[in-house]
There are 2 protein chains.
Amino acid sequence: MSGISDVARLAGVSKSTASRALSGSGYVSEKTRAKVQKVAASLGYVPSTNAASLVTGRTRNVGVVIPYLHRWFFAEVLEGVQSALLERGLDLTLYDASPGTEARRRIFEDFLARKRFDGLIAVGLEPEDHELEQLLRIGRPVVSVVGSGPATTVIGIDDDDAARRATQHLIALGHRQIAFVGGGSSRWASVDRRRLTGYRSAMAEAGLTELASHIPSEVTLPGGYAAAVDLLGASPTRPTAIVAVCDEVAIGAIIAARRLGIRVPSDLSVVGIDDHEYAEMFALTTLRQIPREQGRAAVALLEAQLDDPASGPTQVASTARLIVRASTGPVDDRHSVMQSDPRPGIDHVM
Amino acid sequence: MSGISDVARLAGVSKSTASRALSGSGYVSEKTRAKVQKVAASLGYVPSTNAASLVTGRTRNVGVVIPYLHRWFFAEVLEGVQSALLERGLDLTLYDASPGTEARRRIFEDFLARKRFDGLIAVGLEPEDHELEQLLRIGRPVVSVVGSGPATTVIGIDDDDAARRATQHLIALGHRQIAFVGGGSSRWASVDRRRLTGYRSAMAEAGLTELASHIPSEVTLPGGYAAAVDLLGASPTRPTAIVAVCDEVAIGAIIAARRLGIRVPSDLSVVGIDDHEYAEMFALTTLRQIPREQGRAAVALLEAQLDDPASGPTQVASTARLIVRASTGPVDDRHSVMQSDPRPGIDHVM
DNA sequence: TTGAAAGCGGTACCAC
DNA sequence: GTGGTACCGCTTTCAA
């Protein structure tokens with residue numbers, strides 16, 4: 001393992017000059033720079049980030065705090081973050097902080113306090129009050145993707161608007177019995193709340209407040225499935241349409257409908273939010289967000305704050321785009337129309 | 001930010017004593033130790049890992065190289081690794097190395113060379129020859145979960161055996177037309193290859209070599225769906241059973257079958273390998289592996305190698321357990337039996 | 001049992 | 001433009 005002194009010696013210069021030549025800061029003649037770099041390369045010299053950090057205080061590492069790895073949205077954001085960091089030569093330290101676990105407590109208590117990073121990206125974190133306090137006490141910039149985060153930069157989509165437009169899409173198709181499925185079964189995520197609000201306001205605007213109903217469920221595919229089985233199987237006044245809190249729940253609902261012999265979209269329309277990787281396979285109408293891009297944007301925002309600590313927190317909310325596929329269609333009041341297409345709901349089979 | 005010197009000064013001892021008292025190595029009187037620790041606590045002292053690493057050479061950080069984040073198996077392993085590291089107070093640096101990407105090249109070329117970790121855990125990595133060489137050149141212990149890895153510790157299930165038993169299960173139910181679905185469409189993962197081999201040997205042992213067939217597909221749920229649509233929709237001699245390379249493919253196949261009006265298991269039996277989080281929802285018969293445990297085991301193995309560098313590479317393969325649910329059943333040659341149960345295949349509705 | 005001092009591998013200030 | 005040197009914060013001999 002050759003160090004910078006080895007490089008310096010073999011290049012016939014001092015450590016300081018070698019350092020300048022390699023890090024690119026400070027005056028070095030073109031000639032010596034070339035020489036030093038050649039020697040460094042021939043030696044396979046790799047600078048010790050550790051040593052550099054010790055003196056500069058910069059770690060060239062970013063921490064990512066994330067509560068779930070196995071949910072589509074989170075995994076996508078993480079991939080986006082990783083790729084953007086990679087391009088900048090930055091490392092990524094992962095903190096998997098499932099809500100309510102001992103692991104999460106230790107992360108906030110011990111791991112984050114070590115400050116082995118220049119900044120933090122929190123994905124859908126929804127920190128408790130004392131957690132938020134701990135987060136700020138660290139004294140490093142924090143960028144949140146989704147989730148709440150006063151005093152930090154937050155980025156995401158306009159959830160209220162997305163759910164409202166999803167609902168409006170169904171209303172425009174003539175639906176009135178529209179249920180909102182998902183969220184609220186255990187921990188309420190603020191995202192889910194905002195989406196429910198958007199749904200409710202669209203219902204209210206259409207004078208359908210009386211018909212609005214919220215079916216709680218785990219925010220997962222099996223959760224959506226289970227909730228839909230209950231909703232569709234038992235209810236005497238079954239809804240003609242569902243707004244799902246996200247695509248996973250929407251897909252679970254579609255699978256449940258199929259199992260129950262309910263045709264999508266002729267008997268039931270379903271709209272989600274996400275544009276999940278399975279959305280096309282299920283011909284799901286949805287409001288598209290691109291979490292990977294949100295992850296990349298988070299890195300860019302963090303970088304900006306790192307370069308200029310004075311720049312305060314920003315709020316960035318993009319607008320989700322409605323993607324109409326075949327899981328939504330006009331309401332059919334007759335309930336007994338002949339089906340000419342043997343496979344309704346799938347016109348984009350992969 | 002108080003450093004160890006502050007602690008030392010306030011405790012009225014030297015830096016060295018403070019260091020010993022806090023790190024727990026070396027002789028310190030019980031009295032001074034208590035004193036030092038009290039002062040450290042009151043100051044909120046957090047040692048700089050950086051500075052410690054610089055002198056000890058140990059980073060207390062583990063690198064995880066993983067090609068996919070959005071696939072169930074990988075996410076589960078990662079969670080297992082993370083939780084086991086957390087318990088040991090170790091950080092986790094993530095390297096997302098999708099095969100064939102520029103990002104992956106840079107990871108192997110630049111990032112790993114920095115050695116910001118004491119050891120590496122490679123998940124399903126399947127390194128190319130030159131990548132493997134780079135991996136070994138780093139001179140840090142490497143533990144692989146799945147994937148190939150000569151000269152490194154490898155842990156996983158006996159894939160050949162798992163696929164063989166999946167196939168035998170179907171044969172025992174009377175099936176003969178059994179297709180193997182998945183893998184081989186683009187990059188062949190060695191896991192997938194071993195599973196295909198297991199399937200083939202079971203077919204051969206039963207004298208069914210002639211009937212064996214491999215339907216390639218992407219190893220994803222939509223991949224399995226697409227392959228099954230082709231296989232089940234078009235084929236005049238449709239198989240009565242499918243062995244899927246993993247649960248995601250199996251579930252895709254079940255969804256495809258339902259769309260095509262093919263009943264599972266009366267018209268088609270499907271068996272997978274994994275015991276995916278959706279397996280129960282689809283009543284999928286499968287060979288269970290517990291990737292989270294594999295992740296935890298990887299950490300334990302790495303720790304062993306870290307503590308005793310002399311201990312050579314180990315190979316650990318556990319045996320997958322057959323979980324029989326309702327996606328497999330006896331072959332029905334009459335093809336027109338009355339169905340008494342209106343919802344075949346789902347007796348474990350969630 | 002404790003303290004003094006020498007680094008770990010770099011960066012950065014300052015004089016030349 | 002370049003070299004000397006102090007120092008980042010901690011661990012670790014070595015003496016006392």
Side-chain angles (χ1 to χ4, degrees), chain A residues 1-41 43-61 89 91 110 113-118 139-140, chain B residues 1-37 39-40 43-61 89 91 110 113-118 139-140:
Chain A
M1 286 313 84
S2 35
I4 201 172
S5 348
D6 302 305
V7 175
R9 189 161 18 80
L10 266 77
V13 297
S14 70
K15 264 173 54 173
S16 349
T17 305
S19 174
R20 274 174 242 139
L22 293 171
S23 65
S25 66
Y27 293 97
V28 191
S29 77
E30 206 35 70
K31 201 168 140 228
T32 38
R33 151 168 291 120
K35 170 107 196 202
V36 170
Q37 289 182 333
K38 215 187 80 205
V39 172
L43 247 45
Y45 167 73
V46 178
S48 153
T49 1
N50 247 329
S53 297
L54 192 55
V55 48
T56 61
R58 304 268 296 200
T59 61
R60 302 202 57 74
N61 183 40
D91 274 339
D110 307 336
R114 291 187 202 150
K115 306 189 211 197
R116 296 184 80 162
F117 40 76
D118 295 330
R140 298 263 187 285
Chain B
M1 287 312 82
S2 36
I4 201 171
S5 347
D6 301 306
V7 176
R9 188 160 21 79
L10 266 77
V13 297
S14 70
K15 267 172 50 176
S16 350
T17 305
S19 173
R20 276 176 237 133
L22 293 169
S23 65
S25 65
Y27 293 98
V28 192
S29 76
E30 206 34 70
K31 202 172 138 225
T32 38
R33 149 167 294 120
K35 169 109 198 199
V36 170
Q37 288 181 332
V39 171
L43 247 45
Y45 166 73
V46 178
S48 153
T49 1
N50 246 327
S53 297
L54 193 55
V55 45
T56 61
R58 302 267 296 200
T59 62
R60 303 202 54 76
N61 183 38
D91 274 338
D110 306 335
R114 290 187 202 149
K115 306 187 212 195
R116 297 183 80 162
F117 40 76
D118 296 329
R140 298 264 186 284

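A note on names: the letters A, B, ... follow the listed sequences, proteins ahead of strands, and every chain is numbered from 1. Since the model is a prediction, treat every value here as computed from it, not as a measurement.
Protein chain B contacts DNA chain C from C:dT1 to C:dG9, reading 5' to 3' and using non-hydrogen atoms of the protein with a distance under 4.0 Å.
Applying the salt bridge (Lys or Arg N to Asp or Glu O under 4.0 Å) rule to B:R9 yields the partners B:D6; only residues at least two apart in sequence or on another chain are considered. By the salt bridge (Lys or Arg N to Asp or Glu O under 4.0 Å) test, A:R33 is found to be paired with A:E30, residues two or more places apart in sequence or in another chain being considered. Residues passing the side-chain contact (heavy atoms from CB on, under 4.5 Å) test with A:S14 are A:S16, A:T17, sequence neighbours excluded.
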With the sugar-phosphate defined as primed atoms, P, OP1 and OP2, and the base as all remaining atoms, what B/S/- string results for nucleotides 7-15 of chain D, 5' to 3', for protein heavy atoms under 4.0 Å? -BBBBBB--
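Here the side chain of A:N61 pairs a donor or acceptor atom with the backbone of A:R116 at under 3.5 angstrom. Checking side-chain atoms of B:S53 against main-chain N and O of B:R58 turns up a donor-acceptor pair under 3.5 Å.
The two residues B:A51 and A:L54 have their closest heavy-atom pair at CB-CD1, 3.7 Å. Shortest non-hydrogen contact noted between A:S25 and A:R20 is O-CG, 3.0 Å. Smallest separation of non-hydrogen atoms from B:A21 and B:V28: N-CG2, 3.7 Å. Here the closest non-hydrogen pair linking A:R140 and A:D118 is CD-O, 3.1 Å. Summarising the geometry of B:R114 relative to A:V46, their closest heavy-atom pair is CA-CG1, 3.9 Å, with the distance given to 0.1 Å.
Heavy atoms of B:T32 sit under 4.0 angstrom from primed sugar atoms or phosphate atoms, though from no base atom.
Across the helix from C:dT1-D:dA16 to C:dC16-D:dG1, the helix axis at one end is tilted relative to the axis at the other end by 40° (nearest 10 degrees, each axis from five pairs).
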